[in-house]
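Read the structure below first, then the notes.
On a predicted model such as this, the values are computed, not experimentally measured, just so you know. All heavy atoms count here, side chains included; hydrogens, waters and symmetry mates do not.
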Number of protein chains: 6
Amino acid sequence: MPYITVEGGPLDAPSKKALIEELTATASAIMHVPAEFFLVTIKELPDENIGIGGKPIDEVKAAYRREQEGAGSR
Amino acid sequence: MPYITVEGGPLDAPSKKALIEELTATASAIMHVPAEFFLVTIKELPDENIGIGGKPIDEVKAAYRREQEGAGSR
Amino acid sequence: MPYITVEGGPLDAPSKKALIEELTATASAIMHVPAEFFLVTIKELPDENIGIGGKPIDEVKAAYRREQEGAGSR
Amino acid sequence: MPYITVEGGPLDAPSKKALIEELTATASAIMHVPAEFFLVTIKELPDENIGIGGKPIDEVKAAYRREQEGAGSR
Amino acid sequence: MPYITVEGGPLDAPSKKALIEELTATASAIMHVPAEFFLVTIKELPDENIGIGGKPIDEVKAAYRREQEGAGSR
Amino acid sequence: MPYITVEGGPLDAPSKKALIEELTATASAIMHVPAEFFLVTIKELPDENIGIGGKPIDEVKAAYRREQEGAGSR
């Protein structure tokens, strides 16, 4: 303890290693708890298992990309 | 936020989409929080990773079916 | 099982009872699992324990209200 | 309810069945709640998704083994 | 890691200490992981925040007691 | 989504605000997901609800302090 868990989409091994290292270092400094006490887990979920605003996240991502492209072309 | 997570057995894509939509709509109305703020995740577990009353769920399901069949034949 | 948990801000008792009843009924119909197997928990957090987009939620709520008022006066 | 969840590395089926049975029995006796009300889930994560003290757990396990071997040879 | 969390109603300090000790010892033996690696947390929820079978748990408890008394008087 | 949750002991408001901001920024850079999609929650638990290595955390903290003092005086 403390225990940090990250839920999100699929990640590669280097990103997981970076999350474990950097989230521990960041939280250890803020919470004044030695890094050795920290536990971190990363829970990867497929897109169809995640929803934001009542819509599956792949729909949300597509709308976000359109918005970015629209903003970029104005 | 709010964050709704559903843990259970394997589900097909249409059921996940329906859970994301309908749980968000139901909770949004009750909690008076706009749907756009809601996050939903669905965590699927194999039967052998779930226990009810100290027994693995496949044993519980089998007993439940026998009970239903027994009630049906009386 | 299945297990539904809702994390969010403080709620009154009637809203909690409604969440327990309606989320169970909604998910039971979608997942084809009898309601009696469902477990629901509600976890209430103070605003300062919740962040969206890197900002504490009370800042996010204030910005959302200004946005709504701005949209209403146009 | 109560709900017990165990997060850790991969496990075989007999170990999962034993965890479901024995954690339920142990907690039921301590909490004075009938075993039939207990829900247990087991969440298995790959090593690269787990970190202790800011390091991925496979590094932690290797250091622990070296420590044990070092202590054994003294 | 492994990480065991227990969600349930309010508990006194001796019960929490016993859960921490005995759940760790039980799981350590089954999972063949040294006890020193285990993290345990206990999350206490008020009754109105817990639902089984779509009903708040205080209603479920009352029905359970009536059932036990009925069975006792037959 | 992604969703980061931090479980630990009691924290003051400035530390919570810093955790929300800095964990979001750190993870956003590593996961290549815009900060606006991140949800962070902080769950504070009393010491008696936390155990490491089968012992309540206040016992673990006391042993850690003695160890540090011992190392300091050698």
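Contacts of E/Leu45 with chain C are made by side-chain atoms alone, with heavy-atom separations under 4.5 Å and no backbone atom involved. Proximity to chain E (any heavy atom under 4.5 Å) is shown, for C/Ala13, by both the backbone and the side chain.
Salt bridge present: E/Lys17 and E/Glu21 bring a charged side-chain N and a carboxylate O closer than 4.0 Å.
Between the side chain of C/Glu48 and the backbone N or O of C/Pro56 there is no donor-acceptor pair closer than 3.5 Å.
Per-residue heavy-atom pair counts under 4.5 Å with chain C were compared for E/Ile57, E/Ile52, E/Val60, and the maximum is reached by E/Ile52.
A side chain to side chain contact (heavy atoms under 4.5 Å, CB included) with C/Ile20 holds for exactly one of C/Val6, C/Leu39, C/Ile4, C/Ile42; it is C/Ile42.
Here the straight-line distance linking atom CD of C/Glu7 with atom OG1 of C/Thr41 works out to 8.0 Å at 0.5 Å rounding.
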